[in-house]
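Below is one structure; the comments refer to it alone.
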Amino acid sequence: MSNLLMRYLCSIMDIQEDLSKAIQRAIADLYQQDMGEVTLQPTKKEFEGTYTFVTFPLTKTLRQAPAQIGQRIGAWLVDNSDLVSAFNVVQGFLNLSIADSAWLGLLGEMAGQPDYGAGDKRGQSVMVEFSSPNTNKPLHLGHLRNIFLGDSVSRILDFSGYDVTKTCIVNDRGVHICKSMLAYRMFGNDETPASSGLKGDHLIGKYYVLFDKAYKAQVAEMVVEGSTQEGAEKKAPLMQEVQQMLRLWEQGDPDTVALWQKLNNWVYAGFDTTYQSIGVSFDKTYYESNTYLLGKEVVEEGLDKGVFYRKEDSSVWIDLTDEGLDQKLVLRADGTSVYITQDLGTTDMKAADFHTDRQIWVVGNEQDYHFKVLFAILRRLGRPYANELYHLSYGMVDLPTGKMKSREGTVVDADDLIAETVAAAATAADEAAKGKLAAFSDTEKAELFHLLGMGALKYYLLKVDPQKRMQFNPAESVDLHGNTGPYIQYVHARIRSILRKAEETNLPDSPVATVVLDDVEQQLIFWLSQFPLRVSEAAQDLAPSYIAQYAYDLARTFNQFYDKLSILKEEDPKKLRTRLVLAKSVAETIKRAMGLLGISVPEQM
RNA sequence: GGUCCCGUAGCUCAGUUGGAUAGAGCAUCUGCCUUCUAAGCAGACGGUCAAGCGUUCGAAUCGCUUCGGGGUCACCA
């Protein structure tokens, strides 16, 4: 996939890039050798300097000891480059200090850019599919990881210059929803979200559970009467009724369809409420009731092309054993579809609807195999888009007590979790505020606590590498201290407070070119300068965790700066002005970075 | 069993294309508010990077083997 993603091109001055070129020139000048691209790394904090160039790899070609190479290049840079103010050599490591003038020039350019870090429009489009719930029960914690990931990846790609289409495929048909429908018909007494006071998705979830209870009781009874467990599960009258209902639905029976529509609409309203409270939306929602019959013509096409083959029982298969996969059924003997049939058709349809250059699915890693097969089939069918399909796979969310299991009732409901997180954030924040919120109205307070709670929750779920299974610890997820969303939000509020006091309307937008910088100021400018690179890496790897980590590093460095140096009480007006520019840039970059995670930042907290 | 993913401090996690003495947070302990928001800062404690072998100037990172955890290999979705 990465072949499509070009390296981010930074329009502003790039110290790292310029330094790397200067080193190439040094080597050319001193040794008459062309080393090609040279890479730099940040200097470890126990050493003096900002960037480190490793000279070990040059020893063979240049036939000189690593330390000596470092000495010569370092000296050359100090003499010939305005960027480098000093250097030191430790074995094969050449540590370079950057001149204040270079830092200040960089800060000035960054501060002057209204959309600093954004990528140029590249005329490429991406579709991101995420959330994709079933309509028989409410969203849960696992969905939240999925939704936050999909939403954040969409924002990152958009910010990086792609045209992004966010889609959601709702699984609104099938046995699962018929179970809720049947239970509602049996026990519902025309209950509605309004009459019950329940969100629509929770109401339907309640009937899904009721069905399961009644069904299990029925099965148990039949087992007592002598049936086998397996036989009872198939023959139980409730299951028979569900199957009959599904048939009626497929035949378009008006009563069944009306009931189905009524219940599903309640569920959608419930989902919408949840999406709204977490600040997530979609450009296009597909419904499986409209797509589940798709894919059969793809099967015909595959048979014609000889990609698929028919068995004696007339079921249709593909043999993927030479790719390390298996033989896979794509159409049952009775001519009905399986899951992958429908996905083949849906993928074609999405491509036809939006013509995006890429399609990304945010789906849990239990479907890794499914997507390997899906992509392999589409490649064999010769789809032009087949090499630009990507499964953004993520690991499950575990609780401290272990796996979430719906059977054992340990599934964490999304709405409950959001409410609890916001409530916990409110308690903790109220206490920590120590009177800072005295001027806030109740509404303003509620908004702030929601913002902090969502910041805590989103940051907690997004800071971890998606691929990894992660543990959700409720207590940690609402923490305001340390590597958390609220810690970063706090830094933003702190800076905004200072800027307000500094007569906001009259803030400078450029530093003074001649001031002497403190180490921590250099570090802060360094972190600011890393933002575009981090964004491009996050876009390339579809990794919101890079942005989360970055935002924390930036915020933490600001707190060190804040503790060490005063802004408003600085007596040297040049320094004061420079620090204001610096603080303002940090606040804006934090806001932007957190925005890429779908997290808002407060003006005051 | 085939195949894929994971294994880093007591716990939760970072660790950029192989680089220096492997980093944060939480927890525990110690300092710092008359001073721009202490929701903060600084410090201490804490490691056989699951184990072994190999590749190389150099490995948490790459390769192989073993052990441990999980997913998947449905005419479910």
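The sequence lines fix the lettering, A, B, ..., with proteins before strands; numbering per chain opens at 1.
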* Hey, can you pull the residues of residues 548-559 of chain A with a non-hydrogen atom under 4.0 angstrom from RNA chain B? -> Gln549(A), Tyr552(A), Asn559(A)

* Consider the side chain of Phe47(A), meaning its heavy atoms from C-beta on, and name the nucleotide among A20(B), A77(B), G71(B) that approaches it most closely. => A20(B)

* Counting side-chain heavy atoms from CB outward, which of G70(B), U21(B), C36(B) is closest to Glu46(A)? -> U21(B)

* Asked: By centroid distance (under 5.5 Å) and plane angle (under 30°), are Tyr490(A) and G40(B) in a stacked arrangement?
  -> no

* Contact under 4.0 Å: His481(A) side-chain N or O vs G40(B) OP1/OP2 -> yes

* Asked: Going by atom types only, do Asn473(A) and Tyr460(A) share a side-chain donor-acceptor pair under 3.5 Å?
  -> no

* Asked: With respect to the phosphate group of A38(B), does any side-chain polar atom (N or O) of Tyr562(A) fall under 4.0 Å of OP1 or OP2?
  -> yes

* Please find out if less than 6.0 Å separates the ring center of Tyr546(A) from that of Tyr550(A). => no

* Which part of the nucleic acid does Glu288(A) contact within heavy-atom distance under 4.0 Å: base, sugar-phosphate only, or nothing? -> sugar-phosphate

* When only distance counts, do a donor and an acceptor, one from the side chain of Lys436(A) and one from the base of U37(B), lie under 3.5 Å apart? -> yes

* Within 45° of the axis and under 6.0 Å from the centre of the six-membered ring of Tyr562(A), does NZ or CZ of Arg494(A) qualify? -> yes

* Asked: Would you say the ring centroid of Tyr459(A) lies under 6.0 angstrom from that of Tyr487(A)?
  -> no

* To do: Starting from C1' on G18(B), measure out to CZ on Phe93(A) and report it in whole angstrom.
  => 11 Å

* **Nucleotide nearest Asn171(A) (side chain, heavy atoms from C-beta), chosen from A77(B), A20(B), C41(B)** => A77(B)

* Counting any heavy atom closer than 4.0 Å, what does Arg469(A) reach on the DNA or RNA strands: base, sugar-phosphate only, or nothing? -> sugar-phosphate

* Per the atom types in the model, does the base of A14(B) pair as donor or acceptor with the side chain of Lys463(A) at under 3.5 Å? -> no

* **Under-3.5 Å donor-acceptor pair between Asp465(A) side chain and C5(B) base** => no

* Which part of the nucleic acid, if any, lies within contact of Asp343(A), taking any heavy atom under 4.0 Å across all strands shown: a base, the sugar-phosphate backbone alone, or nothing? -> nothing

* From the list A39(B), C36(B), U37(B), which nucleotide is the closest neighbour of the side chain of Leu452(A)? -> A39(B)

* A50(B) and C11(B), which share atom name P, separated by this distance in whole Å -> 14 Å

* To do: Output the single nucleotide from A20(B), U37(B), C13(B) whose closest atom is nearest the side chain of Lys44(A).
  => A20(B)

* Within 45° cone of Tyr287(A) ring axis and under 6.0 Å: Arg173(A) NZ or CZ -> no

* **Ring centre gap for Phe561(A) and Trp527(A) strictly below 6.0 Å** => no

* Spacing of Glu476(A) atom CD relative to C13(B) atom C1', expressed in whole Å -> 9 Å

* Selection: residues 52-61 of chain A, any non-hydrogen atom under 4.0 Å of RNA chain B -> Thr52(A), Val54(A), Phe56(A), Pro57(A), Lys60(A)

* Asked: With sugar-phosphate meaning primed atoms plus P, OP1 and OP2, does Tyr369(A) contact a base, only sugar-phosphate, or nothing at under 4.0 Å between heavy atoms?
  -> sugar-phosphate

* If you measure from the C1' atom in G58(B) to the same atom in A14(B), how many Å do you get, rounded? -> 22 Å

* Ring centre gap for Phe47(A) and Phe93(A) strictly below 6.0 Å -> no

* To do: Could you state the atom-to-atom distance from CG of Asn483(A) to P of A27(B) in whole Å?
  => 13 Å

* With Lys328(A) as the cation and Trp317(A) as the aromatic partner, state whether NZ or CZ is under 6.0 Å from the six-membered ring centre and within 45° of the axis. => no

* To do: For side chain to side chain donor-acceptor pair (under 3.5 Å), just list the numbers for Tyr394(A) and Asn146(A), CA-CA rounded to whole Å, side-chain angles, deciding distance to a tenth of an Å, and then say yes or no.
  => CA-CA 8 Å; Tyr394(A) 64 91; Asn146(A) 178 307; 3.2 Å; yes

* **Below 4.0 Å: OP1/OP2 of A74(B) and any side-chain N or O of Arg332(A)** => no

* For RNA chain B, determine which residues of residues 571-578 of chain A have any heavy atom closer than 4.0 angstrom to one of its atoms, and list them numerically. => none

* **Rounded C1' spacing from U28(B) to G54(B) in Å** => 42 Å

* Asked: Is the phosphate of C26(B), meaning OP1 or OP2, less than 4.0 Å from a side-chain N or O of Tyr487(A)?
  -> no

* Asked: Side chains of Asp326(A) and Tyr369(A): donor-acceptor distance under 3.5 Å anywhere?
  -> yes

* **Sugar-phosphate only, base, or nothing, as touched by Val90(A) at under 4.0 Å among non-hydrogen atoms** => base

* U61(B) versus G23(B) - spacing of their C1' atoms, nearest Å -> 15 Å

* Looking at the angle O4'-C1'-N9-C4 for a purine or O4'-C1'-N1-C2 for a pyrimidine, is C36(B) syn or anti, with syn meaning within 90° of 0? -> anti

* Do we see a donor-acceptor contact under 3.5 Å between the side chains of Ser289(A) and Asp172(A)? -> yes

